[in-house]
**Student:** 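The structure is given below, and queries will be raised subsequently.
For the numbers below, each heavy atom of this structure counts, side chains included, while hydrogens, waters and symmetry mates do not. Since the structure is predicted, the reported quantities are computational estimates derived from the model, not experimental observations. Letters go in sequence order (proteins before strands), and every chain restarts at 1.
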Protein chains: 2
Amino acid sequence: MHTPTRKTAEPTVRRLSLYLRYLEAFEQAGRGTISSGELAQSGGTTSAQVRKDLSFFGSFGKRGLGYSTHELTVHIREILGLDRQWRLVIIGAGKIGSAVAGHRGFRDRGFEIVGIFDADPHRVGHALGGVTVSDVRHLETEVKRLRADMAVLAMPAESAPEVATRLAKAGVHAILDFSTAQLEVPSDVTVRSVNLALELEVLSFALVNR
Amino acid sequence: MHTPTRKTAEPTVRRLSLYLRYLEAFEQAGRGTISSGELAQSGGTTSAQVRKDLSFFGSFGKRGLGYSTHELTVHIREILGLDRQWRLVIIGAGKIGSAVAGHRGFRDRGFEIVGIFDADPHRVGHALGGVTVSDVRHLETEVKRLRADMAVLAMPAESAPEVATRLAKAGVHAILDFSTAQLEVPSDVTVRSVNLALELEVLSFALVNR
DNA sequence: ATGTGCTTGTGAAATCGTTCACAATCTAGG
DNA sequence: CCTAGATTGTGAACGATTTCACAAGCACAT
C-alpha cells in the first residue's frame with residue numbers, strides 16, 4: 001500500500017467506507033473474489049470509479065480475476081485506519097448523545113465509547129450504554145486520562161465551540177459535531193458536521209425543483 | 001429570482017442552507033446589510049463563492065453595499081422551499097427516531113412531524129413529541145391520509161428498502177435515511193443518507209493520514 | 001456634481017473529480 | 001504451450017466546481 005502523494009479526495013474516502021461494507025457482506029456470503037463492476041453496483045457507482053479509488057492506495061486486484069474479498073477488506077480497513085481501536089467520548093447525554101451511545105455496531109467496527117459527559121447535574125452519574133455520565137467540568141482531565149482519540153459533540157450550539165476548544169487542548173484530534181455551530185479548532189483537528197436541519201433543507205430544495 | 005437552467009450543484013444548496021443560518025443570526029443582531037465577505041467568513045468559504053452561489057438564482061445585492069439581510073433571508077428561504085410547511089413522518093421510534101422527533105427547531109423551520117411509525121407493538125400507541133406512534137403495517141393509508149411530503153427512516157437496514165418502496169408508492173418524494181441500506185426508489189424520489197459509522201470512518205482516515 | 005471607496009456580478013482560468021478507453025496481464029481450457 | 005475471455009490499472013479526455021480578477025454600480029462625502 002503506497003500512501004497517496006498528497007491529500008486524498010473526501011468522496012474517495014467515503015466510497016471506500018461503502019465498499020468495505022459491501023465487501024464484508026460478500027465475504028460473509030462466501031464469495032472469494034469480487035470484480036470492480038460488482039463492487040460498483042453495490043455502491044451505486046461505476047467500475048472505473050472503484051478502480052480509480054483503489055489505485056490511489058495500491059494495486060490490490062488480479063487482472064482477469066478481480067479482487068480477493070478478504071484481502072481487499074483487510075487493505076481498506078488499513079487504509080481507513082480501522083485496523084486499530086479508536087477511543088471515543090460523547091459530549092452531551094441528551095437524545096442524540098444517547099442514540100450514538102446506544103448504537104451497536106460502533107464497537108464492532110473499532111470505535112469504543114470510553115466516556116460520556118454532560119453539563120446537567122441530573123444526568124451526571126447515570127449509566128448510558130454501560131458508561132457512566134461524567135460532569136463536563138472535568139472534561140480535560142478525564143479525556144486525557146481516558147486517552148480519547150475522537151469526540152462526538154451532541155450538545156446545544158451555544159456551548160459547542162468552547163467544548164471543541166477544550167477537547168482540542170486535551171489532545172482530541174477528530175470531532176464529529178451534531179450541533180449547528182461553526183467550530184474554531186487548530187488545523188491539526190479534523191471536524192465533521194452532521195446537521196439534520198440542513199439535510200432536510202436540501203430535501204426541501206429537491207422537492208421544490210423536482 | 002430566476003430558476004436555474006438545469007440542476008444546481010448540491011454543494012451550492014448546502015451552502016445556501018448555511019448562509020441562511022448566519023443571515024438569521026445577523027438579522028437577529030439587528031444588522032441591516034451584510035457583505036459576501038462577512039457571509040463567507042461565517043460559512044467557512046470565500047466571498048467569490050458566496051456571490052457565485054447566489055448568482056445562480058438572481059442578483060440580490062447592491063454594489064458597494066452588500067445584501068439586505070432581511071431580503072436575502074427571504075430569497076434563500078424561497079429558493080430552498082422553506083416558505084411553506086413540509087409534512088414529515090418518521091419511521092422507527094427507536095433511539096434515532098426519538099431524537100429526530102424531539103428535535104425542536106424542525107417545526108420552527110417549517111418541518112412538521114405529522115406521524116411516527118414502528119413495527120414493535122410495544123412502541124405503538126405511545127406518544128413521542130406529541131405524536132402517537134402508529135403501526136407500520138398501516139403505513140400507506142396513514143401516509144396518504146396525513147399527506148406527508150417527506151420521511152425520515154430511522155430503522156434497521158434490513159427493513160429499510162421495503163419501507164422506502166412503500167413510502168414512494170404512498171406519494172412521499174423525499175427520504176432522509178439513517179440506515180446503512182442501499183435504497184432502490186423511483187427516480188422522482190430523492191434520498192439522502194446519513195451514516196454515522198461512515199462519518200466516524202472518514203474521521204479515522206483523517207487521523208491516520210494526519 | 002463629481003470623486004472616492006467599497007462591493008457586487010460574472011466571464012475566464014484554474015483546479016478538482018469522474019469517466020473513457022485500452023494496453024497489460026491474469027485464469028482456464030484445450 | 002497457446003488461445004480465448006475477463007478484468008485490472010491508468011493516462012487522457014471530459015465535466016463540474018472553485019477561484020481569480022475586474023468592470024460596473026452604488027453610497028457617501030466634499
Side-chain angles (χ1 to χ4, degrees), chain A residues 1-19 22-23 26 31-73 75-76 79 202 205, chain B residues 1-19 22-23 26 31-73 75-76 79 202 205:
Chain A
M1 170 179 139
H2 49 80
T3 309
T5 342
R6 205 63 212 120
K7 63 187 166 202
T8 310
E10 182 181 310
T12 295
V13 178
R14 296 182 74 87
R15 284 190 298 264
L16 286 180
S17 198
L18 289 174
Y19 302 158
Y22 293 115
L23 276 169
F26 268 89
R31 292 286 309 270
T33 62
I34 187 172
S35 71
S36 57
E38 288 171 296
L39 257 182
Q41 268 205 309
S42 328
T45 177
T46 68
S47 64
Q49 181 77 80
V50 171
R51 295 197 300 277
K52 189 62 105 181
D53 285 339
L54 294 174
S55 76
F56 290 130
F57 302 94
S59 302
F60 307 123
K62 278 202 172 49
R63 291 169 194 234
L65 193 63
Y67 303 87
S68 148
T69 45
H70 179 68
E71 277 178 30
L72 190 53
T73 301
H75 279 305
I76 295 184
I79 292 166
V202 175
F205 177 84
Chain B
M1 168 179 140
H2 48 81
T3 308
T5 343
R6 206 57 210 126
K7 64 186 167 202
T8 310
E10 182 183 311
T12 295
V13 178
R14 297 182 73 87
R15 284 191 298 266
L16 286 180
S17 197
L18 289 174
Y19 302 158
Y22 293 115
L23 276 169
F26 268 88
R31 293 285 310 271
T33 62
I34 187 171
S35 71
S36 57
E38 288 172 295
L39 256 182
Q41 267 205 311
S42 326
T45 178
T46 68
S47 63
Q49 182 76 81
V50 171
R51 296 197 300 277
K52 191 59 107 181
D53 286 340
L54 294 174
S55 77
F56 290 128
F57 302 94
S59 302
F60 307 123
K62 277 201 170 51
R63 292 169 194 237
L65 192 62
Y67 303 87
S68 149
T69 45
H70 179 68
E71 277 178 30
L72 190 53
T73 302
H75 279 305
I76 295 184
I79 292 166
V202 176
F205 177 83

**Student:** B:Thr46 side chain: which of D:dT17, C:dG17, D:dT19 is closest?
**Tutor:**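 Looking only at heavy atoms from C-beta outward on B:Thr46, the closest nucleotide is D:dT19.
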**Student:** For the pair made of CG in A:Asp53 and C1' in C:dT18, what is the distance, rounded to whole Å?
**Tutor:**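 In whole Å, C:dT18 C1' lies 10 Å from A:Asp53 CG.
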**Student:** Nearest whole angstrom, please: distance from the C1' of C:dG9 to the CG of B:Leu72.
**Tutor:**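 B:Leu72 atom CG is separated from C:dG9 atom C1' by 14 Å.
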**Student:** Please indicate whether B:Glu38 has more than 12 foreign heavy atoms, meaning atoms of other residues, nucleotides or ligands, lying under 6.0 Å from its CD.
**Tutor:**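 Yes.
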**Student:** Where each residue is assigned the nucleotide of DNA chain C containing its nearest heavy atom, which of A:Glu10 and B:Leu54 is assigned the position nearer the 5′ end?
**Tutor:**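 The residue mapped nearer the 5' terminus is B:Leu54.
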**Student:** Does the pair B:Phe205 and A:Glu10 meet the rule for a side-chain contact (heavy atoms from CB on, under 4.5 Å), with working shown?
**Tutor:** CA-CA 10 Å; B:Phe205 177 83; A:Glu10 182 181 310; over 6 Å; no
**Student:** Just call it for B:Ser36: base, sugar-phosphate, or nothing, with non-hydrogen atoms closer than 4.0 Å on any strand.
**Tutor:**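 Result for B:Ser36 = sugar-phosphate.
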**Student:** In this structure, how many angstroms lie between the P atom of D:dT8 and the CZ atom of A:Phe56, rounded?
**Tutor:**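 Distance, rounded to whole Å: 17 Å.
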**Student:** A:Glu38 CD to D:dT8 C1': how many Å, rounded?
**Tutor:**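 Atom CD in A:Glu38 sits about 14 Å away from atom C1' in D:dT8.
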**Student:** Looking at C:dG9, I'd like to know if its phosphate oxygens (OP1 or OP2) sit under 4.0 Å from a side-chain N or O belonging to B:Ser55.
**Tutor:**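 Checking B:Ser55 against C:dG9: no side-chain N or O falls below 4.0 Å of OP1 or OP2.
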**Student:** Rounding to an integer number of Å, can you tell me how far A:Gln41 CD sits from D:dT7 P?
**Tutor:**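 Checked: the CD to P distance equals 12 Å.
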**Student:** Any side-chain N or O of B:Tyr67 less than 4.0 Å from the OP1 or OP2 oxygen of C:dC6?
**Tutor:**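 Indeed not, no polar side-chain atom of B:Tyr67 lies that close.
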**Student:** Of all heavy-atom pairs between B:Leu39 and B:Leu23, which one has the smallest distance, and what is that distance?
**Tutor:**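 So the two residues come closest at CD2-CG, 4.2 Å.
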**Student:** A:Gln49 side chain N/O closer than 4.0 Å to the phosphate oxygens (OP1, OP2) of C:dG17?
**Tutor:**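 It does not, given that no N or O in the side chain of A:Gln49 lies less than 4.0 Å from OP1 or OP2 of C:dG17.
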**Student:** As a quick check of understanding, evaluate side-chain contact (heavy atoms from CB on, under 4.5 Å) for A:Phe60 and A:Ile79, giving each step before the final call.
**Tutor:** CA-CA 12 Å; A:Phe60 307 123; A:Ile79 292 166; 4.1 Å; yes
**Student:** Let me know the distance between NZ of B:Lys52 and P of C:dA14, rounded to the nearest Å.
**Tutor:**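 That distance rounds to 15 Å.
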**Student:** Go through the steps to decide whether B:Tyr22 and B:Ile34 satisfy the test side-chain contact (heavy atoms from CB on, under 4.5 Å), and finish with yes or no.
**Tutor:** CA-CA 10 Å; B:Tyr22 293 115; B:Ile34 187 171; 5.9 Å; no
**Student:** Do you know which of B:Thr12, B:Val13, B:Thr45 makes side chain to side chain contact (heavy atoms under 4.5 Å, CB included) with B:Asp53?
**Tutor:**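 Among the candidates, only B:Thr12 passes.
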**Student:** Can you build the contact string for nucleotides 22-29 of chain C? Use B for base contact, S for sugar-phosphate-only contact, and - for no protein heavy atom under 4.0 Å.
**Tutor:** -BBBB---
**Student:** What is the distance from atom OG of B:Ser42 to atom OH of B:Tyr19, rounded to the nearest 0.5 Å?
**Tutor:**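 The distance works out to 10.0 Å.
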